[in-house]
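One structure is given below, encoded as structure tokens.
All residue numbers in this chain count up from 1 along the given sequence. Everything numeric in this text was worked out from a predicted model, so none of it was measured.
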Amino acid sequence: MTIPGAKAAVEWLVSVAPDPDACRWEWERNPLGVALLPAGRGWDVLILPGELGRPTLDVLGLLLDRPGPVFADADDSRLGFFVPAGTASGWLGTGVRSAGQGSWIVVPYPGRATGGVRWLVLPDGEGTLTDPAVLELAMHEAAARVLTEVTGSLDKGIGLDHLGRR
């Protein structure tokens with residue numbers, strides 16, 4: 001089964017490889033369906049823990065027509081959000097890992113089932129990435145939602161009313 005846009009996604013992803021033809025050849029033959037691609041060229045990746053990443057993706061779905069590419073590991077313990085190159089070097093966030101210049105990312109083959117890493121939002125092949133400011137906003141909203149679910153209300157969770165008073 002071919003997923004619409006998978007070929008364009010492959011071409012966009014391999015464009016950052018040192019040797020795109022060799023990368024494509026190896027990727028298509030890798031039994032795990034993954035390739036190592038360098039971050040920091042066309043994109044960086046911000047890796048969130050699953051308990052924050054899933055709700056963040058849900059919020060992004062409310063804010064954007066289409067977020068940039070997002071992948072998850074086999075058990076959803078981590079989600080990787082593709083953001084513009086250079087974002088990783090300035091990103092500070094507790095529990096958030098960043099992969100930028102000098103990092104390599106295990107990337108699943110678009111449109112093919114793999115035994116581990118998989119796409120939640122397939123690259124569109126045109127270079128759409130998630131704006132880091134929008135991602136940060138979505139992360140804050142997602143964290144507030146998770147906290148509300150855990151504590152039953154936001155004010156009980158952090159001890160403040162809606163105006164920030166104790």
Side-chain angles (χ1 to χ4, degrees), residues 1-139 142:
M1 178 172 112
T2 303
I3 294 177
K7 182 173 176 32
V10 168
E11 295 308 314
W12 178 74
L13 288 165
V14 300
S15 71
V16 302
D19 183 344
D21 291 332
C23 177
R24 189 181 307 98
W25 187 90
E26 180 65 31
W27 201 1
E28 291 171 352
R29 286 154 184 80
N30 182 320
L32 299 176
V34 297
L36 277 175
L37 292 174
R41 287 184 166 183
W43 35 261
D44 287 353
V45 179
L46 297 179
I47 304 164
L48 281 60
E51 55 273 2
L52 178 60
R54 272 294 186 173
T56 297
L57 182 56
D58 291 342
V59 172
L60 281 174
L62 299 172
L63 297 173
L64 302 170
D65 289 334
R66 186 186 197 292
V70 180
F71 63 80
D73 62 5
D75 60 0
D76 281 353
S77 63
R78 288 179 290 280
L79 274 70
F81 293 80
F82 280 53
V83 294
T87 301
S89 65
W91 191 270
L92 295 175
T94 303
V96 178
R97 297 178 186 175
S98 59
Q101 189 68 40
S103 301
W104 291 76
I105 298 292
V106 173
V107 179
Y109 190 94
R112 185 183 300 160
T114 64
V117 181
R118 69 193 185 294
W119 291 107
L120 300 177
V121 178
L122 193 68
D124 63 7
E126 297 177 16
T128 300
L129 300 168
T130 299
D131 181 311
V134 175
L135 179 59
E136 183 176 15
L137 174 69
M139 288 170 58

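Considering CZ of F71 and CD1 of I47, their distance stands at 5.5 Å, rounded to 0.5 Å. Note that OG1 of T56 is 11.0 Å distant from CG of L46, once rounded to the nearest 0.5 Å. Taken from CZ in R112 to CG in N30, the straight-line distance is 8.5 Å, to the nearest 0.5 Å. For the atom pair CG of L48 and OG of S98, the computed distance is 11.0 Å after rounding to the nearest 0.5 Å.
For T130 (side chain) and P67 (main-chain N/O), no donor-acceptor pair under 3.5 Å exists by modelled atom type.
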Return all side-chain donor-acceptor pairs below 3.5 angstrom for residues 86-95, not counting sequence neighbours, or 'none' if the list is empty.
residue : atom : partner : partner atom : Å
T87     : OG1  : P84     : O            : 2.7
S89     : OG   : G86     : O            : 2.9

When the side chains of residues 120-129 are checked against the rest of the protein, which donor-acceptor pairs come out under 3.5 Å, sequence neighbours left out?
residue : atom : partner : partner atom : Å
D124    : OD1  : E126    : N            : 2.8
D124    : OD1  : G127    : N            : 3.2
D124    : OD1  : T128    : N            : 3.3
D124    : OD2  : T128    : OG1          : 2.3

Inset, instruction - Show your working on side chain to side chain contact (heavy atoms under 4.5 Å, CB included) between F81 and L60 and close with a plain yes or no. - result: CA-CA 11 Å; F81 293 80; L60 281 174; 3.7 Å; yes

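Residues L52 and A142 come closest through the heavy atom pair CD1-CB, 4.0 Å. What you find for R54 and D76 is that their closest heavy atoms are NH2-OD2, 3.2 Å. Minimum interatomic distance between D73 and R118 (heavy atoms only, all atoms of both residues): O-NH1, 2.8 Å. Of all the heavy atoms in W27 and L13, the pair that sits closest is CH2-CD1, 3.6 Å. The two residues L37 and C23 have their closest heavy-atom pair at CD2-SG, 3.5 Å. Closest approach of A138 to L63, counting heavy atoms only: CB-CD1, 4.2 Å.
Using cut-offs of 30° and 60° for the angle between ring planes, the F82 and W119 rings count as tilted.
The shortest distance between side-chain heavy atoms of L36 and V106 falls below 4.5 Å.
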